[in-house]
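Notes follow the structure.
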Amino acid sequence: MAAGSTYSTIMTNTLGSAAASYTLSSIPSTYTDLILVIDGSTVSNIQFRMRVGNGSVDTNSNYGGTQLYGYATTAGSGRETNATNPYIGASSTTNSTHIIQFMNYANTNVLKTWLTKGGDMGSNQIDLSAYCWRSTSAINTIQISGNGGNISSGTTFTLYGISAA
Amino acid sequence: MPNTMTLIASQTLSTTAASITFSSIPQTYTDLKLILSARLSGSSNVGGTIQINGVTSNAQRVIFGTGSAVNSEQNNLTGIHNSNTYTTNTFSNSEIYVSNYTSSNNKNYHYEGTTENNATASYIGMAAGVVNTTSPVTSITTLAAGDTYTANSTFYLYGIVKQ
Amino acid sequence: MSPILTGVIASGISGNLLTNSFESIATFTLTGNSTGITFSSIPSTYKHLQLRMFLRGDRNGGDDLNIKFNSDTGNNYSDHVMGGDGANTAPYGQAPFGFIYSYQGFPGAGTATGLFYGGIMDIVDYQNTSKNKTIKMFQGYDNNGGGNVQFTSGSWMNTAAINNISIAPRYGTNFVQYSQIALYGIKG
């Protein structure tokens, strides 16, 4: 039966100045899933990218993703294999929302799967994707970066935890 | 374990209505989530727009499926709802997520919605949009855009916690 | 000049807010193989349901999901998909059908060891007896050169309140150890 509060804020931060990246660390392992909401922009039309890890982020080619996107009048699908800095979504100087759902992020018996959705009007693109970090380590560190440019001041990162019964 | 997702307000239509407005939204959350289960009185499945603080969404990037194709376009229609040509008693399942709604940035949102129909054709889609208002969100209006929502359409506004 | 809205003002919101609107109802985490997972006697005290799914099967190459409500095995379902397989968009629509399914939905034998699918299903107004039941589902997995991502809609063409949800591999094989489905209720 119901367990009470199951949807909680773990941390939230708004950048006070532009930065190449932002890292969420010391993420507790006590939840079932995580939801990361990025609300913000970058200094030019680039991309949000993300690495995860345990203690430190994995910078090796241990990520892969399958994408569905809409860009201008084109809908298409693509893929990243053996990626070192996986894609979240398009970004620009226009504010955008990106939502990342990490499933069973702390289970050390499984590889790590997440789903992303979001889009950016400045880049004229919307993306849905499924990604895998080929590691059984629990995720306790997440690093978001701008691919080829800074994340803008005022960008907010909010991490929620979902607890199953 | 502190806080949670909170129902702010809800509305169930007993008759048709051209729009639904949630006003005087508390400023004590981080994000807002509006859940809709709606049906339109007319024959078009794409008939909703969103206003934040009375300002209409000026643009969004949409990706949508029809059952036989996936397309992408730009429009300002934030609503994929069952029309009167779709299976009786069937309503859409949609949500509009407004992140960081108390910020001083323009208000961006994520939309996802599905119609359903006892046929191979039915609309489903996601959208990323922005409303050009830098004020904190105090009201959200969803409009049927030239149409009306039918009776039994329901609308639920939730606040997502603020630490 | 702002347009005059001839609509409904849902609230002049003040006080009496319904906190703790998102609650965990039940969770199944597999310790071994299982031919499916069923949530029964679902409480009627919520407005919406969300299922958060983390699944792997034992069928070679993967399997589709078979989702039914209230043990209805009739052709009373429809589903439509907006998806991508890494190379092409993958639209799909079918109705009527015997269940809601996730096409090529989750990984199985032959995919990377420990790889699981993620899926989030939302069921709105599941107790409303004036409405057929409409679901939306965001789901996918990646196998570093394979996999898919999908946004799926589905309908159970029945106005009865949902009290039972079954999720199984379509081709009758198993979900494997560490697969998990968590059911949450959302108040309204």
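A, B, ... follow the sequence lines: proteins, then strands. Residue 1 opens every chain.
Side chain of Y158(B) to main chain of K187(C): a donor-acceptor pair is present (N/O by atom type, distance under 3.5 Å, no hydrogens or angles). N132(C) contributes a side-chain N or O that, together with a main-chain N or O of T88(B), makes up a donor-acceptor pair within less than 3.5 Å.
Looking only at heavy-atom pairs under 4.5 Å with chain B, the residue among V81(C), N76(C), D79(C) that has the most is D79(C). In terms of heavy-atom pairs under 4.5 angstrom with chain C, the leader among S37(B), A121(B), S68(B), G159(B) is S37(B). When the candidates P96(C), G93(C), A90(C) are compared by the number of heavy-atom contacts under 4.5 Å with chain B, G93(C) comes out ahead.
Contacts of S92(B) with chain C are made by backbone atoms alone, with heavy-atom separations under 4.5 Å and no side-chain atom involved. Only the side chain of T159(C) comes within contact range of chain B, with heavy atoms under 4.5 Å apart. Only the side chain of T87(B) comes within less than 4.5 Å of a heavy atom in chain C; its backbone stays farther off. Contact annotation for I35(B): only side-chain heavy atoms (C-beta onward) come within less than 4.5 Å of a heavy atom of chain C. Heavy atoms of F91(B) lying under 4.5 Å from chain C belong to its backbone as well as its side chain. Residue contact with chain C, scored on non-hydrogen atoms closer than 4.5 Å, involves the backbone of T115(B) exclusively. Proximity to chain B (any heavy atom under 4.5 Å) is restricted, for F138(C), to the side chain, taken from C-beta onward.
Of all heavy-atom pairs between A119(B) and A95(C), the closest is N-CB, 3.2 Å. Shown here for M82(C) and I63(B), the closest heavy-atom pair between the two residues is SD-O, 3.6 Å. Nearest heavy-atom pair, E95(B) versus K136(C), reported as atom, atom and distance to 0.1 Å: OE1-NZ, 2.8 Å.
Checking T90(B) against K131(C) by side-chain atom types alone, no donor-acceptor pair falls below 3.5 Å.
Remark: Q50(C) CD to M5(B) CE distance equals 8.0 Å, nearest 0.5 Å. Between the OG1 atom of T134(C) and the CZ atom of R39(B) there is a distance of 9.5 Å, given to the nearest 0.5 Å. Within the model, atoms OG1 of T6(B) and CZ of F22(C) stand 12.5 Å from one another, a figure rounded to the nearest 0.5 Å. Taking CG of N20(C) as the start and CG of L7(B) as the end, the distance is 12.0 Å to the nearest 0.5 Å. Note that the OG1 atom of T154(B) and the NZ atom of K47(C) stand 7.5 Å from one another [nearest 0.5 Å].
No more than 12 heavy atoms of other residues, nucleotides or ligands shown are found within 6.0 angstrom of OH on Y103(C).
Contact annotation for residues 123-130 of chain C against chain B (heavy-atom separation below 4.5 Å, listed by residue number): I123(C), V124(C), D125(C), S130(C).
With ring centers used as reference points, H80(C) lies 6.0 Å or more from Y123(B).
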Report task. Before giving the answer on side chain to side chain donor-acceptor pair (under 3.5 Å), spell out for S153(C) and E116(B) the whole-Å C-alpha distance, their side-chain angles and the decisive distance to 0.1 Å. Result -> CA-CA 7 Å; S153(C) 66; E116(B) 259 302 323; 2.5 Å; yes
